[in-house]
Amino acid sequence: MCNHYHPLSIDDPQGHQPDRPITWTRRGLLQAGMTMMATAASVPAFLSSTSDALAQSAPRGAVNTPGVPDGRVLVVVQLSGGNDGLNTVAPVGSRAYYDARRNIAIPESQALLIDNRGIGLHPSLQPIHDLIANRTAGIIQGVGYPNPNRSHFASMDIWHTADTTGGRGAGWIGKAFDAAATAGDDPGMGCITIGNEAPMATHGRSFKPIAFENADLFRWTGADLHPAVASTYKDMQSADAATNAAPDDPSLDAMTDFVRRTAMDAQVASKKVRKAVAADTRTNFPGHALARQLRSVATMIRAELPTRVYYVTMGGFDTHANQQGRHNQLMRQFAESVGAFQAELDATGHADRVVTVAFSEFGRRVAQNASAGTDHGAAGPVFVFGPTVKERIVGSHPSLTDLDRGDLKYKIDFRQVYAELLDNWLRLDSTAALGKRYRHPGILNYSAA
C-alpha cells in the first residue's frame, strides 16, 4: 500500500468532477485538510484518522474543565511483543519457578520484594517498586482471557476490541466514546494517541482518535486541498482583514462563514496540541522513546486539553532468545519512563486526576526455551499507577504447576480491568464497550474516585 502523500492525486472528497461546482461539508473539509506538510512530502498511515478526529474534536467554545467528566484522565501504556510477566513480577518463593527457568530466573536476592507474599519485582523496576511502596501503583496478577491466542496480532486485536472471538473493528475505548456521543456527551478531543498510527482500541464506529508522531508537524492545511477551498479561504482572510468581521457576523455569506469557522476550529485544535507539547516540564525525563511519549502526555495534561484518554506504546518485548540482557533493558526503560511521568504529574499538581494502566498482549511460557529466552504464553500482570490505586497486589499469582499447555492460567479477565477503568474512573458505559457487565477487580479507591 502506498504510504506517501501525493497532492496532485487528491480526489474531490464529494465525488464531483473538476468542472462542476463543489460543495463542502464541515467534516469533509476537516477530514481532508489536516495533513503533515513535510519536505519529504510523506504522511504516516494515521493521517486519515487524525483528520477525522479533528472533524469531531474542533472546539466549539471555551473549555473550562479538561477531561470531562471531573477532569479525569486515563493513560494507556501498551507493551508490545508479549512482555515476560513471570520475570516482571517473579514468584521468587516458588521452587517451580527456578526449576522451569534455570538460566533466566530472577534470583530472590536481587528481586524487589513486595509485602510478604513471595513476590518480587524485576530488579530493574526500582522506580515502580518505589511507587508501590508509596501506594501510588499496584499490580493485577494473572490477567488474560479464555482460550488464549498466542499470535501477536490476534491477541492484540482481542485486547483492543475486547472481543475474544477474534473479530476486528471498533475498539473498547472507541466504543465507549461512541456510546457517550449517543447519550449526548460529545467526546470531542476525547483520545490522543502518540505513534505512527492510532491503535484499534481507540477507534469507534463513529469516534476517531487524534493521532500524531511529531506534534510540530501536526497542523491544518485545508487551503492546499483544492483550488475552491484555497480561493474561499483566501477571500475569507482578506474580508476579515478589511472588515474585522466577527465569527458570527451576519454580513458574512454562508460559505465564507462555514469555511472560516472550519479553518479556525482546526487551527485552534492543532495549535493547542503543538503549544502544549512544546512546553517545558518541571522535572527531568530520560531519553527513552516511551519517556518522550509520556513527556508529551504530561505537557498536554498540564495544558488541560479536553482529552480523557492518552495512548502510548513501547515495543521490543518479543524475547525469544538471550532474553536476560534485553529484558533488563526493557524493564529499566519502562520503569524510568513511568517513574518520570508520575514525578512530573506530582510536580504540576495533576497526579490526582490521572490513572495510568500498562498491559501486554500476552505473557511468556513458564519454561525457558533452548535459546535462553521464552516463547509466547498467556496470562500476565497489568500495572496500574496513580494516587487512586488502593491495592499493592490484586489477585493471587497463577499456579506454576497447574498449567494450560505450559502456560499460566488466567485468574482475572482483562475486560474486568477495562470495566473498572471505564465505570469507576472515566464514568463511561463499560457495557457498551465490552458487550456485558464485568466484575471489577478492585484496584482503585472508589471513595477517592
Side-chain angles (χ1 to χ4, degrees), residues 3-5 7 27 29-59 63 66-67 73-78 80 160 171 173-174 177 187-204 207-222 224-225 262-281 285 287-315 337 341 356:
N3 193 33
H4 293 81
Y5 172 54
R27 178 176 293 273
L29 243 173
L30 283 168
Q31 285 178 331
M34 283 301 302
T35 64
M36 299 279 287
M37 300 302 292
T39 54
S42 63
V43 189
F46 64 79
L47 172 60
S48 61
S49 62
T50 299
S51 55
D52 191 34
L54 282 182
Q56 303 173 55
S57 67
V63 176
V73 174
L74 173 67
V75 179
V76 181
V77 179
Q78 176 179 304
S80 300
H160 281 186
I173 296 170
F177 282 130
M189 293 173 64
C191 179
I192 292 180
T193 74
I194 301 178
N196 61 4
E197 61 180 320
M200 189 194 308
T202 63
H203 287 269
F207 175 83
K208 302 298 177 185
I210 292 175
F212 61 83
E213 189 166 25
N214 185 340
D216 291 337
L217 301 178
F218 181 64
R219 65 186 183 91
W220 189 78
T221 56
D224 300 319
L225 171 68
T262 300
M264 180 182 66
D265 286 353
Q267 290 181 53
V268 167
S270 60
K271 185 176 180 180
K272 285 178 70 71
V273 169
R274 286 184 284 112
K275 182 179 179 181
V277 172
D280 291 333
T281 57
F285 280 76
H288 317 315
L290 177 60
R292 292 194 297 271
Q293 294 178 64
L294 289 175
R295 182 194 183 282
S296 295
V297 171
T299 59
M300 287 186 281
I301 290 173
R302 182 182 177 187
E304 299 190 344
L305 295 186
T307 301
R308 306 188 209 185
V309 179
Y310 293 92
Y311 203 110
V312 299
T313 302
M314 178 181 179
S337 300
F341 179 61
T356 300

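In this chain, numbering begins with 1 at the start of the sequence shown.
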Subject >> Full working for side-chain contact (heavy atoms from CB on, under 4.5 Å) between V312 and V76 >> reply: CA-CA 6 Å; V312 299; V76 181; over 6 Å; no
Subject >> T281: side-chain contact (heavy atoms from CB on, under 4.5 Å) partners, not counting sequence neighbours >> reply: F285, R295, T299, E344
Starting at [atom1] of [X], measure out to [atom2] of [Y] and round the result to the nearest 0.5 Å.
X: N196; Y: F212; atom1: CG; atom2: CZ; result: 13.0 Å
X: R308; Y: C191; atom1: CZ; atom2: SG; result: 11.0 Å
X: T313; Y: I194; atom1: OG1; atom2: CD1; result: 9.5 Å
X: Q293; Y: T193; atom1: CD; atom2: OG1; result: 9.5 Å
X: K208; Y: T202; atom1: NZ; atom2: OG1; result: 8.5 Å

Measure the shortest side-chain to side-chain distance between [X] and [Y] over non-hydrogen atoms and say whether it is less than 4.5 angstrom.
X: V309; Y: V73; value: no
X: M300; Y: V273; value: yes
X: L305; Y: I301; value: no

**OP:** With sequence neighbours left out, write down each residue that passes side chain to side chain donor-acceptor pair (under 3.5 Å) with H160, or none if nothing qualifies.
**Re:** Q78, Y311
Original post:
Is it true that a side-chain atom of R292 and a backbone atom of G287 form a donor plus acceptor pair closer than 3.5 Å?
Top reply: yes
Subject >> Donor-acceptor contact present, side-chain S337 to main-chain A291, <3.5 Å >> reply: yes
**OP:** With sequence neighbours left out, write down each residue that passes ring-ring contact (aromatic ring centres under 6.0 Å, His included) with F341, or none if nothing qualifies.
**Re:** none
Original post:
For P187 and F177, which heavy atoms make the closest approach, and how far apart are they?
Top reply: CG-O, 3.5 Å
